[in-house]
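Data first, discussion second: the structure below is written as C-alpha cells.
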Amino acid sequence: MSLLTKEQYEKIASSVKFSTKALINGKLVDSISRKTYITANPATGQNITKIAACDVNDVNIAVEAARKSFEDGRWSKMAPSKRKEILLNFAEIIRKNHDELAVLEVLDSGRPIADIATMDVEETAASIAWHAEAADKLEDSITSTGPDNLSLVVREPVGVVGAILPWNFPLLMAAWKLGPILASGNSTIVKPAKLTSLTMLKLAELSLEAGIPEGVLNVVTGSGAIIGEAIGMHQDIDVLTFTGSTEVGRKLLEYSGQSNLKRVLMELGGKNPCVVMPDVADMDYAAEQVVAAVFWNMGENCTSNSRLIIHKDIKDKFLAKVIEKSKEWNVGNPLDPQFKLGSMIEKSHMETVLGYIKKGEAEGAKLVYGGHQTLTETGGYYIEPTIFDDVTPDMVIAREEIFGPVLAVLTCEDEADAISMANDTVYGLHASIFSDNTNQVYRLSRGIRAGTVSVNCFSEGDITTPFGGFKQSGFFSRDKSLWANRQYTELKTIWMAIR
Ligand code: NAP
Ligand code: MG
C-alpha cells in the first residue's frame with residue numbers, strides 16, 4: 001500500500017465522518033442514559049468528538065441481542081461457507097475504507113500514519129479474511145472406536161463472547177479477536193478502549209454493510225470500570241477474551257470466579273528481552289532491528305523489546321551502533337508519513353513514562369540517548385526515544401513494563417548468563433535473539449521462556465503463527481493461527497450405539 005502525502009492525509013482528516021454511536025442488535029444507538037464521553041487527539045491535545053458512554057443497562061441489552069442471535073442460529077447455524085462469504089465481504093469493505101480508517105486511527109491514537117497505512121489496516125482486513133477462509137476448511141473427527149459404536153468429536157461455537165480491547169493497536173487487536181470469534185459461529189459484544197474507540201465504531205458500521213446479521217456483532221463504548229466490569233461479571237457471556245494489562249487481567253479472572261466461570265482468554269503485558277551474541281555477522285542490520293524492536297509504536301507495544309542484553313565482548317561497539325540507528329527514529333506529526341514515531345496515547349501515560357526515565361537516572365543507570373518530552377509547542381504528548389546503559393537486573397527500568405520508548409541495556413557474560421537474565425522477569429511474551437551460530441540460536445530459543453522468539457529479526461510472526469504469552473503475559477490464549485479459532489469453540493463428543 002503506497003502512502004499519500006501529509007497534505008492528502010490532512011484533507012481526509014478535515015472531512016472524515018466520525019462514528020460515535022454504539023452498535024446494539026444491528027442498530028447504531030446512543031447510550032440509554034444519553035451520556036457521552038470525549039475522545040481526544042493526543043498529537044495535539046485537542047478534543048475530537050463525543051462518543052456514547054454506555055453503562056450496565058446497554059451491556060445487558062447487547063448481551064440479550066447477542067444471545068438471541070446465537071440461539072436462533074442466524075449465524076451460529078449458517079453454513080460455514082456462507083459465513084465465510086460474508087466475512088470476506090467484510091474484509092473487502094475494510095479495504096475499500098482504507099484511508100479513512102487509517103486517518104481515524106491516527107487522530108484517535110497519535111500513532112504514525114507511516115505504520116497504519118502500510119500495515120494495520122491491511123492486516124486488519126487480512127486477519128478477518130484468513131479466519132473466514134478457515135471457516136469451511138477445518139474438519140471434525142471420528143475416533144477409532146470398535147464396530148459397535150460411532151463416535152464423533154465435533155467443534156461447536158461457544159456462544160456469546162465478550163471482547164475487551166486495548167488502545168495500542170485498536171484496529172488490529174479488534175481483528176485478531178473478531179476474525180476467529182465470528183468465523184467460528186459465535187455472537188459477540190466488543191468493548192474498545194475508551195481512548196481509541198473511533199475505528200472500532202467505524203468497523204461496526206462497516207459490518208452492517210457487509211451483511212453480518214443483526215445482534216451477532218455488538219459494540220459498546222465506555223469505561224472499563226463500568227462496562228468492562230459488567231461484561232466480566234455477566235452471567236450470560238460464555239467467553240471473555242482480553243488484550244490489555246496484567247493488572248486488569250487479574251480482575252477479569254475474579255469476575256469469572258464471581259459470576260458464571262466464563263472461559264477467560266488473555267494476552268497481557270511484557271518486559272521482553274533481546275539478546276545479542278558476539279558472532280552476529282551483520283551488526284549494522286542487527287542494530288537496526290534492535291532499535292525497531294524497542295521503539296516501534298513509541299514502545300506502546302506489548303512485545304516491545306525493552307531489555308537489550310548484549311554480550312560483554314561486543315557491548316561497546318554494538319551499543320554505539322544502536323545509538324546511531326536510533327537517530328533515524330524521528331518524532332513528529334503522526335499524519336506526516338516522514339515520521340516514524342508519533343505521540344504517546346495521553347498525557348498521564350506520557351508522565352508515567354517520563355517518571356520511569358527519572359527513576360532510571362535516580363537508580364544510577366546512565367542516560368546515553370534522549371530522555372525528554374519533546375514538541376511541547378504542538379500541545380501533544382511526545383517523548384524522545386531514550387536509551388539507558390549500565391542497567392542492572394534489579395533496577396525498576398529493567399523489571400517493569402514501561403510501555404514507552406525506553407531501552408534498558410544490560411551486559412551478559414556468556415550464553416547461560418543471557419538465558420538467566422532474559423528469564424529474570426514475571427513476563428514471557430516475546431524475545432529476540434541475534435547470533436549466527438545455529439546451535440547457540442537453538443539453545444537460546446529453547447532456553448528463553450516466551451510465547452514468540454524471533455531470530456535475527458524483530459517479528460511477531462504472521463497470521464499463520466500463534467501469538468500469546470508464557471507466565472504473567474497471558475492466560476490460556478493464542479491470537480492468530482488456527483489455535484485462535486479453536487479457543488472460541490467447545491468440543492463435543494457424540495457417542496452412538498450401532499445396533
Ligand atoms: P488496560 O488498562 O488493561 O485496558 C485494557 C482494556 O480493559 C480497556 O478496554 C479498558 O477500558 C479495560 N478495563 C479497564 N479496567 C477494567 C475493569 N476493571 N474491568 C474490565 N475491563 C477493564 O490496558 P491498556 O492500557 O489499554 O493497554 C496496555 C496494556 O495492554 C499493556 O500492559 C500491554 O502490554 C498490554 N497489551 C498486550 C498485548 C498482548 O497481545 N499480549 C497486546 C497489546 C497490549 P478503558 O481503558 O476503556 O477504561
Ligand atoms: Mg483518542
Side-chain angles (χ1 to χ4, degrees), residues 18 37-49 51 53-54 59 104-111 162-170 172-174 176-177 190-200 220-234 240-256 264-272 297 299-304 306 334 342-349 352 380-381 400-404 427-430 450-452 460 466-475 477-480 484:
F18 300 114
Y37 63 87
I38 290 172
T39 193
N41 179 347
T44 61
Q46 303 288 314
N47 292 343
I48 302 176
T49 187
I51 291 175
C54 296
V59 169
L104 281 172
E105 185 111 317
V106 172
L107 293 177
D108 215 7
S109 69
R111 300 182 52 226
I164 301 181
L165 306 177
W167 47 257
N168 59 344
F169 293 95
L172 203 54
M173 293 304 103
W176 281 10
K177 310 290 187 201
V190 181
K191 186 206 109 49
K194 210 175 154 188
L195 287 165
T196 55
S197 309
L198 288 176
T199 44
M200 185 63 232
V220 289
T221 40
S223 114
I226 298 170
I227 58 170
E229 178 170 339
I231 291 170
M233 290 292 290
H234 206 288
L240 182 56
T241 182
F242 174 73
T243 294
S245 61
T246 300
E247 184 193 350
V248 172
R250 287 182 208 285
K251 289 190 187 166
L252 301 186
L253 288 175
E254 285 177 25
Y255 298 156
S256 171
V264 181
L265 306 168
M266 306 198 288
E267 305 292 357
L268 306 169
K271 186 72 188 172
N272 311 289
N297 208 51
E300 291 173 335
N301 169 24
C302 53
T303 60
S304 174
S306 53
S343 69
M344 307 305 289
I345 187 67
E346 63 172 340
K347 188 164 186 236
S348 66
H349 183 57
T352 302
Y381 316 121
E400 295 185 11
E401 182 183 47
I402 298 176
F403 229 55
Y427 295 111
L429 187 58
H430 186 274
T452 300
E460 295 172 1
F467 178 81
F470 285 25
K471 302 199 274 186
Q472 293 180 35
S473 287
F475 195 81
S477 168
R478 290 295 181 268
D479 286 323
K480 308 194 294 174

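Just follow the structure's listing: the first ligand is 1, and inside any ligand the first atom is 1.
- The nearest protein heavy atom to atom 4 (O) of ligand 1 is not closer than 4.0 Å.
- Atoms of ligand 1 found under 4.0 Å from any heavy atom of S223, numbered from 1 in the order shown, are 48 (O).
- Judged by the shortest distance from any of its heavy atoms, W176 lies outside the 4.0 Å radius around the atoms of ligand 1.
- Of all the heavy atoms of F169, none lies under 4.0 Å from any atom of ligand 1, so neither backbone nor side chain is involved.
- Of all atoms in ligand 1, numbered sequentially from 1 with element shown, those under 4.0 Å from a heavy atom of K194 are 45 (P), 47 (O).
- For the ligand labelled ligand 1, residue F242 lies inside the 4.0 Å heavy-atom shell.
- Taking K347 as the reference, E351 meet the salt bridge (Lys or Arg N to Asp or Glu O under 4.0 Å) condition, with sequence neighbours excluded.
- A donor atom on one side chain and an acceptor atom on the other are found under 3.5 Å apart for E267 and S477.
- Between L165 and ligand 1, an N or O atom pair is found at a separation short of 3.5 Å.
- Partners of K177 under the salt bridge (Lys or Arg N to Asp or Glu O under 4.0 Å) rule, at least two apart in sequence or in another chain, are D479.
- Using a 4.5 Å heavy-atom threshold, the side chains of F242 and V264 count as separate.
- Judged as a side chain to side chain donor-acceptor pair (under 3.5 Å), not a single pair has a partner in residues 221-230 (not counting sequence neighbours).
- Of all the atoms in ligand 1, the ones that sit under 4.0 Å from a non-hydrogen atom of N168 are 43 (C), 44 (C).
- Side-chain contact check for Q472 and T246: no donor-acceptor pair (N or O, by modelled atom type) lies under 3.5 Å.
- When only modelled atom types and interatomic distance are considered, S197 and D108 share no side-chain donor-acceptor pair under 3.5 Å.
- For the pair T246 and ligand 1, the shortest N or O to N or O distance does not fall below 3.5 Å.
- Of all the atoms in ligand 1, the ones that sit under 4.0 Å from a non-hydrogen atom of L252 are 20 (C).
- Using a 4.0 Å cutoff on heavy atoms, G232 does not count as a contact of ligand 1.
- Around the Mg ion (ligand 2), protein N, O or S atoms at less than 2.8 Å number 4.
- Residue contact check: T243 has heavy atoms under 4.0 Å from atoms 5 (C), 36 (N), 37 (C), 38 (C), 39 (C), 40 (O), 42 (C), 43 (C), 44 (C) of ligand 1.
- F169 has its ring centre no less than 6.0 Å from the ring centre of W176.
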